[in-house]
**Student:** 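Dropping a structure here in structure tokens format, bear with me for questions.
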Amino acid sequence: MFKKIALVAVPALALAIGFGAAARAADAPCEASLNEVQAKWDKMYPMGMDNPKNPTYRSATDSLRIAKEKCKEGKTVETEQYLNVVRAHLNMPEHAAPHDRK
């Protein structure tokens with residue numbers, strides 16, 4: 001009985017892992033960009049060193065928040081556009097092609 005269950009369960013588990021990896025791979029470009037910008041942000045603004053009264057800081061934090069929301073929605077182009085605002089604030093180079101060129 002155990003052998004029959006194992007013969008069915010192991011391939012099913014492998015398929016589930018494969019489908020999960022494919023879903024994560026679709027989010028990889030915007031997730032990678034977010035992680036890169038977030039790491040630079042964390043270095044520039046360690047905990048407690050933020051300046052919420054500065055209008056450029058507020059614009060950058062709003063853009064970072066919106067970029068995270070757009071990435072969750074699967075909107076890579078919009079994510080990169082908002083991240084370019086944050087990149088400019090952090091003196092990082094812009095994303096090479098943030099626009100949808102279909």
**Student:** Mind checking the OG1-NE2 spacing from Thr56 to His89? Nearest 0.5 Å is all I need.
**Tutor:** 5.0 Å
**Student:** Compare every heavy atom of Glu80 with every heavy atom of Pro29, then report the nearest pair and how far apart it is.
**Tutor:**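 Closest heavy-atom pair between Pro29 and Glu80: O-OE2, 4.2 Å.
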**Student:** If you compare all heavy atoms of Tyr82 against all heavy atoms of Ala67, which two are closest, and at what distance to 0.1 Å?
**Tutor:**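 What the structure gives for the nearest pair is CB-CB, 3.8 Å.
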**Student:** May I ask you to test the Ser59-Val85 pair for a side-chain heavy-atom distance under 4.5 Å?
**Tutor:** yes
**Student:** Decide yes or no for Leu64 and Leu83: does some side-chain heavy atom of the first lie under 4.5 Å from some side-chain heavy atom of the second?
**Tutor:** yes
**Student:** Roughly how far apart are Gln81 CD and Glu78 CD, rounded to 0.5 Å?
**Tutor:** 6.0 Å
**Student:** So does Glu69 pair up with Arg65, basic N to acidic O under 4.0 Å?
**Tutor:** yes
**Student:** To the nearest 0.5 Å, how far apart are NZ in Lys75 and SG in Cys30?
**Tutor:**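 Nearest 0.5 Å value for the NZ-SG distance: 12.0 Å.
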**Student:** What's the spacing between Asn84 CG and His95 NE2 if we round to 0.5 Å?
**Tutor:** 7.5 Å
**Student:** Please test Lys68 against Gln38 for side chain to side chain donor-acceptor pair (under 3.5 Å), starting from the C-alpha separation and ending with a verdict.
**Tutor:** CA-CA 10 Å; Lys68 290 176 182 178; Gln38 185 69 54; 3.0 Å; yes
**Student:** A side-chain contact here means heavy atoms from C-beta on lying under 4.5 Å apart; do Leu90 and Trp41 qualify?
**Tutor:** yes
**Student:** Could you tell me which non-hydrogen atom of Arg87 sits nearest to which non-hydrogen atom of Glu36, and how far apart they are?
**Tutor:** NH2-OE1, 4.3 Å
**Student:** Determine whether Ile66 and Tyr57 fall in the same hydrophobic cluster, where Ile, Leu, Val, Met, Phe, Trp and Tyr are linked whenever their side-chain heavy atoms lie under 4.5 Å apart.
**Tutor:** no
**Student:** Using every non-hydrogen atom in the two residues, find where Cys71 and Thr79 come nearest and quote the distance to one decimal.
**Tutor:**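 Scanning both residues completely, I find the closest heavy atoms to be N-OG1, 3.1 Å.
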